[in-house]
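Numbering of residues begins at 1 and proceeds along the displayed sequence.
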Amino acid sequence: MVISVGMAKEGKKIGGRGLLVGIPALVIWLVGALTLFEAEIAAVGIIPEFLKAGSSERKAIAGGPVYKFSLSAETLIPVEATVHLFTPPDESDYYGGKLRYYLYPRKVLVSRPEAPDTSGVSEGDYIILYLPEKFPHRTLESRLRRAFRIESVYHRIDDGWRTTVLRASRRKG
């Protein structure tokens with residue numbers, strides 16, 4: 001492609017081999033580049049829905065399952081409650097940060113589900129398991145149930161994420 005453009009600037013005729021090599025190379029590059037923009041292409045499909053939506057609906061579209069859960073959490077979890085949040089580890093702490101933001105002013109303590117720290121959980125505290133559906137959540141939940149008497153408050157699977165809210169009644173002895 002570059003050779004063909006250079007040839008055109010010099011006044012030479014474009015065609016022949018340069019064109020035969022350039023066009024297929026351009027097509028291959030475009031197909032490869034489109035896969036890199038998969039999320040952007042998917043977002044274009046959401047734009048009409050997003051523009052028609054009201055303010056809270058826009059937040060739900062943009063925030064996804066985290067925002068949808070936060071709307072329920074406002075009514076489920078009292079403002080003065082302590083919340084123990086178990087989210088998957090990621091370098092940016094995206095889910096932990098978002099949920100802490102949405103659950104403010106509640107005191108939110110984040111733990112990693114692979115090595116849950118339950119030492120700080122007290123009677124009346126809430127436990128949120130916000131995990132990918134593929135995560136072995138039953139192992140974590142059964143570990144928590146062995147340590148505490150637990151009341152299930154909320155459970156939902158949304159867009160591949162399993163959200164469970166539990167309330168610790170008291171530590172088992």
Side-chain angles (χ1 to χ4, degrees), residues 34-173:
L34 286 176
T35 60
L36 296 174
F37 297 106
E38 186 177 329
E40 287 79 0
I41 292 168
V44 169
I46 296 173
I47 290 174
E49 179 186 346
F50 192 76
L51 292 174
K52 291 177 190 173
S55 176
S56 64
E57 292 164 332
R58 284 183 185 178
K59 287 180 183 176
I61 292 168
V66 175
Y67 180 75
K68 291 174 191 172
F69 165 67
S70 72
L71 295 176
S72 300
E74 286 185 10
T75 58
L76 295 171
I77 303 171
V79 175
E80 65 279 353
T82 298
V83 177
H84 299 269
L85 175 63
F86 293 88
T87 60
D90 64 343
E91 293 162 12
S92 65
D93 190 31
Y94 176 79
Y95 300 106
K98 278 282 199 190
L99 286 165
R100 279 194 309 268
Y101 173 79
Y102 287 132
L103 292 170
Y104 182 81
R106 295 158 190 85
K107 180 181 177 183
V108 179
L109 307 169
V110 180
S111 293
R112 297 293 166 230
E114 313 79 50
D117 178 19
T118 59
S119 61
V121 179
S122 302
E123 186 175 341
D125 285 358
Y126 286 80
I127 300 165
I128 297 176
L129 308 178
Y130 188 79
L131 303 166
E133 206 171 347
K134 299 173 196 166
F135 188 87
H137 68 283
R138 295 223 186 272
T139 308
L140 176 59
E141 196 170 332
S142 65
R143 194 172 181 181
L144 291 165
R145 287 187 186 281
R146 280 194 303 269
F148 304 96
R149 293 196 191 282
I150 297 220
E151 168 193 347
S152 256
V153 177
Y154 175 89
H155 181 78
R156 181 180 174 133
I157 298 173
D158 194 7
D159 294 337
W161 288 87
R162 181 182 303 272
T163 309
T164 305
V165 178
L166 308 166
R167 186 167 183 269
S169 296
R170 62 179 173 201
R171 194 172 278 281
K172 287 186 178 175

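Nearest heavy-atom pair across Val79 and Pro105 is CG1-CG, 3.2 Å. Here the closest heavy-atom approach between residue Ser122 and residue Ala168 is recorded as O-CB, 3.8 Å.
In this structure, OG1 on Thr163 lies 8.5 Å from CG on Leu131, to the nearest 0.5 angstrom. Separating the CD1 atom in Ile150 from the CG atom in Leu166 is a distance of 5.0 Å, to the nearest 0.5 Å. Taken to the nearest 0.5 Å, the NZ atom of Lys107 stands 8.0 Å off from the NE2 atom of His84. Here the straight-line distance linking atom CZ of Phe69 with atom OH of Tyr102 works out to 12.5 Å at 0.5 Å rounding. Between Glu141 atom CD and Arg162 atom CZ the span is 8.5 Å, to the nearest 0.5 Å.
Among residues two or more places apart in sequence or in another chain, the side chain to side chain contact (heavy atoms under 4.5 Å, CB included) test is passed with Ser142 by Arg146. For Tyr130, the ring-ring contact (aromatic ring centres under 6.0 Å, His included) partners at least two apart in sequence or on another chain are Tyr95, Trp161.
A side-chain donor-acceptor contact under 3.5 Å links Arg106 to the backbone of Ile77.
For the pair Leu109/Asp125, no side-chain contact is recorded, criterion being any heavy-atom separation below 4.5 Å from C-beta on. Looking at Leu99 and Thr87, their side chains come closer than 4.5 Å, going by heavy atoms from C-beta outward.
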